[in-house]
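Chain letters run A, B, ... following the sequence lines, proteins first and then strands; every chain starts at 1.
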Protein chains: 2
Amino acid sequence: MLSQATMSQPHGAVRRFATVPPCPASLKSLFGGQPVETFEPGTAVFWEGDEARHVFEVVEGVLRVFRILSDGRRVITGFLYPGDLLGVSLKDQYLYTAEAVNRTKLRRYEHGRFQDEINRSPELRPQLFACLCDEMAAAQDQMVLLARKSAEERVASFLLLIARRLGGDVRQPVIEIPMTRLDMADYLGLTIETVSRTMTRLTNCRVIAPSSRHALVVRKLGKLALLAGESDADDKDGAGGRAIQQAVWPN
Amino acid sequence: MLSQATMSQPHGAVRRFATVPPCPASLKSLFGGQPVETFEPGTAVFWEGDEARHVFEVVEGVLRVFRILSDGRRVITGFLYPGDLLGVSLKDQYLYTAEAVNRTKLRRYEHGRFQDEINRSPELRPQLFACLCDEMAAAQDQMVLLARKSAEERVASFLLLIARRLGGDVRQPVIEIPMTRLDMADYLGLTIETVSRTMTRLTNCRVIAPSSRHALVVRKLGKLALLAGESDADDKDGAGGRAIQQAVWPN
DNA sequence: CAAAAATGTGACGGTTTGTAACAACCGGGA
DNA sequence: TCCCGGTTGTTACAAACCGTCACATTTTTG
């Protein structure tokens, strides 16, 4: 799923001249020609406030994206997996810091040229648009989680999210958790202790089983979905799927 | 800040024929030709799960956008003000419900035609892109608020947000709060009681002064910014602005 | 004007936090 | 290979913040 189409990149001058340029068919192929850069665990790709020069594609590894309040409180707004884009925004400064969780490989694309390519290609545009919409949907899910879910629901939701992101292949319930408990806590708006306690409880309930420190087995996916709220119980693991239209909320 | 440029709206048939069409220069003018629809307070523009047929522009009034968990918990993910767009996403279903807070006027645009217009116009595209990026930035701010801020910081942040949204004109510290306490609570991830108590406390501190039930005066904008966290203290109302680079976070 | 809804305020309790001590794990170096 | 220090993860307990419940008060609606 990747690098094809290196081709000649149009330099600054060429913009609107319809000389039938390479015109990559997919976002991946856009990055395909770029060299791969490696980031060691804990190293930053860029910092909040840095001038936003580049857009990145995650090739391998996991990144955390976060902001820090003036007194040190950290909020992780998302984790990035292979295939995700990083730094897509029109601001001239990055709004957040991006750090490698584990050893990570990225491809870099210069921001202005990225915009040009997007602007030029009616193929790429909807793909980018779709990416942004997915990101927005994820952000809304996260707002729901942070605003109203209990600690247990948050942890369950998180595990479910990871399980789904990895388990494109079904019935492979061993999920890797490359991030630390602190990462999870700062993503879920909890403390490490609460995360720990909650995972212990889920283990005692036989919903999950620890595999190693950064991997576990999901034993009851349906139960997990139930605990996560969202009524995402439309999985194939039992668990009653209630899709009842909700009562109208009072003004 | 609004309806200029009515111009002839291109009717259904005309789509890709380059007959030098109106080609609106701004998103506003795109909606300019559409009729204005009015929604009474509490009425829904659309529901979560509805087929996403239209994109809307808010002409007047305020909307709340929310999702509801299976057991009734509500999370308001945002409030929309005049000039904002509603329903911009590529999903075939709306991901949230949109309701009028007060009497609201909207213009509607058919989804497919909206996409066509956007695709065709190199002027409109960056505007839409900017809208999405702003929305994304707002969502991230909200995640920070929900994940790590105290009740007082949340309320202060909210008031500050409203004050800035309205107060394009400086030094006009009377801000209207059209939404109910329950709306505020469901937006801030708190209960109505906590919102009430916190606003009382802010009143006692002379930071705000109630005007009517849905309006108040911000007496100390700088203090409010300070209480809101974010170190947004780069306002012009005193309050030390600390912009110290944060210590690097351990792994 | 009466009834319903929204808001404000207090006491109390629960979930989560913070502190701390301890256990488990990882990575080097001898 | 084993040992050892530092990091990470777990558990216990007291405290804090916010939610729950209850009710008074104000505002809105019919």
Side-chain angles (χ1 to χ4, degrees), chain A residues 40-42 64 71-75 101-103 145-156 158-159 176-204 208-216 227 229 248-251, chain B residues 40-43 64 69 71-75 101-103 145-156 158 177-204 208-216 227 229 248-251:
Chain A
E40 294 302 316
R64 60 178 160 252
D71 62 347
R73 286 172 288 184
R74 185 180 71 159
V75 178
V101 169
N102 49 19
R103 175 174 289 216
L145 182 149
L146 293 170
R148 288 289 178 227
K149 287 193 181 177
S150 69
E152 194 171 79
E153 290 173 317
R154 294 183 198 200
V155 172
F158 175 75
L159 296 178
E176 303 270 341
I177 318 272
M179 52 291 280
T180 67
R181 294 288 186 267
L182 184 58
D183 287 333
M184 289 178 57
D186 286 349
Y187 180 64
L188 299 176
L190 301 170
T191 60
I192 37 179
E193 294 90 341
T194 301
V195 171
S196 248
R197 277 187 283 260
T198 305
M199 292 195 63
T200 301
R201 205 179 316 144
L202 289 178
T203 301
N204 292 338
I208 61 175
S211 177
S212 78
R213 197 163 235 178
H214 288 284
L216 54 82
L227 289 174
V248 179
W249 215 242
N251 188 358
Chain B
E40 295 302 316
T43 57
R64 59 179 160 253
L69 292 173
D71 63 345
R73 286 172 287 183
R74 186 181 70 159
V75 179
V101 170
N102 48 20
R103 174 175 291 214
L145 182 148
L146 293 170
R148 287 292 179 225
K149 287 193 180 179
S150 69
E152 193 169 80
E153 289 173 316
R154 294 182 198 201
V155 173
F158 175 74
I177 318 273
M179 53 289 282
T180 67
R181 294 287 185 268
L182 184 58
D183 287 333
M184 290 177 56
D186 286 348
Y187 180 63
L188 298 175
L190 301 170
T191 59
I192 36 178
E193 294 91 339
T194 301
V195 171
S196 250
R197 275 189 282 261
T198 305
M199 293 195 63
T200 301
R201 206 179 315 144
L202 290 178
T203 302
N204 293 338
I208 61 175
S211 178
S212 78
R213 201 151 224 180
H214 288 283
L216 55 82
L227 290 175
V248 179
W249 218 245
N251 187 2

Against the side chain of B/T200, the closest entry in C/dG8, D/dT11, C/dT7 is C/dG8
Counterpart residues, salt bridge (Lys or Arg N to Asp or Glu O under 4.0 Å), relative to A/E152 (two or more places apart): A/R201
Taking all non-hydrogen atoms of both residues into account, name the closest pair between A/V75 and B/A147 and its distance. CG1-CB, 3.9 Å
Note down the inter-axis angle between the two ends of the helix from C/dC1-D/dG30 to C/dA30-D/dT1, five pairs each, to the nearest 10°. 50°
Side-chain heavy-atom pair A/L216, A/L159 within 4.5 angstrom cut-off: yes
Sequence neighbours left out, what passes salt bridge (Lys or Arg N to Asp or Glu O under 4.0 Å) with B/E193? Give chain and number order. none
Minimum heavy-atom separation for A/G189 to B/R148, with atom names? C-NH1, 3.6 Å
Sorted by chain and residue number, the salt bridge (Lys or Arg N to Asp or Glu O under 4.0 Å) partners of B/R213 (sequence neighbours excluded) come out as none
B/S/- contact track for nucleotides 17-23 of chain D, protein heavy atom under 4.0 Å: -SBBB--
Looking at every non-hydrogen atom in both residues, tell me the closest pair between A/Y187 and A/L146 and how far apart they are. O-CD2, 4.0 Å
Report each atom pair, protein N/O against N/O of nucleotides 25-30 of chain D, whose distance is under 3.5 angstrom.
unit_1: D/dT27; atom_1: O4'; unit_2: B/R213; atom_2: NH1; d: 3.3

Could you pull out the closest heavy-atom pair between A/P178 and A/V101, with the gap in Å? O-CG1, 3.6 Å
Between B/H214 (side chain only) and B/M179 (backbone N and O only), is there a donor and an acceptor less than 3.5 Å apart? yes
Only one of B/R74, B/R73, B/R64 forms a side-chain hydrogen bond (donor to acceptor under 3.5 Å, both in side chains) with B/D186, so which one is it? B/R74
